[in-house]
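Read the structure below first, then the notes.
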Amino acid sequence: MTDTQVLESPKTSDTDTGPEMFHYVRKNKIAESAVMGTLVEALCGETFPVTKSPKPGSPVCPACKEIYEAMRSD
């Protein structure tokens with residue numbers, strides 16, 4: 001006879017978290033992250049694996065944008 005167990009499904013949320021923000025990251029790390037799944041660090045300090053490419057007009061993280069613009073003006 002085989003014994004079975006019931007596993008609880010993970011809790012999910014249907015709440016809207018707002019538009020997805022895209023971040024500025026080092027260009028040479030994007031491909032590595034997309035292929036290998038390694039984490040990249042955005043200018044704002046957030047770390048994540050690259051899973052999507054931004055499309056024109058996509059929302060950009062305000063903190064990343066501010067840091068990037070400050071770097072360019074130096």
Side-chain angles (χ1 to χ4, degrees):
M1 220 172 191
T2 305
D3 188 24
T4 59
Q5 292 180 312
V6 176
L7 300 176
E8 290 185 38
S9 61
K11 293 180 181 177
T12 58
S13 174
D14 291 334
T15 60
D16 183 18
T17 59
E20 182 175 21
M21 294 284 179
F22 287 90
H23 297 271
Y24 286 107
V25 299
R26 294 192 182 276
K27 193 175 187 177
N28 63 339
K29 297 290 185 180
I30 295 172
E32 176 186 336
S33 177
V35 173
M36 303 297 287
T38 56
L39 299 179
V40 293
E41 184 175 356
L43 292 179
C44 68
E46 187 170 331
T47 57
F48 55 92
V50 174
T51 58
K52 296 181 181 181
S53 297
K55 293 176 178 41
S58 296
V60 176
C61 168
C64 282
K65 188 174 184 177
E66 183 179 325
I67 294 166
Y68 178 74
E69 289 173 358
M71 290 170 50
R72 288 184 46 171
S73 65
D74 288 340

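Values below: all heavy atoms of this structure, side chains included; hydrogens, waters and symmetry mates excluded. For the single chain, residues carry numbers from 1 onward in sequence order.
No more than 12 heavy atoms of other residues, nucleotides or ligands lie within 6.0 Å of OH in Y68, so this atom counts as exposed by the packing criterion.
The two residues V40 and K29 come nearest to each other via the heavy atoms CG1-O, 3.7 Å.
Atoms SG and CD, on C64 and E69 in that order, are 11.5 Å from each other to the nearest 0.5 Å. For the atom pair CD (E41) and OG1 (T47), the distance works out to 7.0 Å, reported to the nearest 0.5 Å. In this structure, OH on Y24 lies 10.0 Å from SG on C61, to the nearest 0.5 angstrom.
Linking Ile, Leu, Val, Met, Phe, Trp and Tyr whenever their side-chain heavy atoms come within less than 4.5 Å puts M71 and V60 in one cluster.
You'll find the side chain of H23 reaches within 4.5 Å of the side chain of E46, heavy atoms only. Residues L43 and K65 fail the side-chain proximity criterion, which asks for heavy atoms closer than 4.5 Å.
Every residue two or more places apart in sequence or in another chain that forms a salt bridge (charged side-chain N to carboxylate O under 4.0 Å, His left out) with K52 is listed here: E20.
Side-chain atoms of S33 never come within 3.5 Å of backbone atoms of I30 as a donor-acceptor pair (strictly under, hydrogens ignored).
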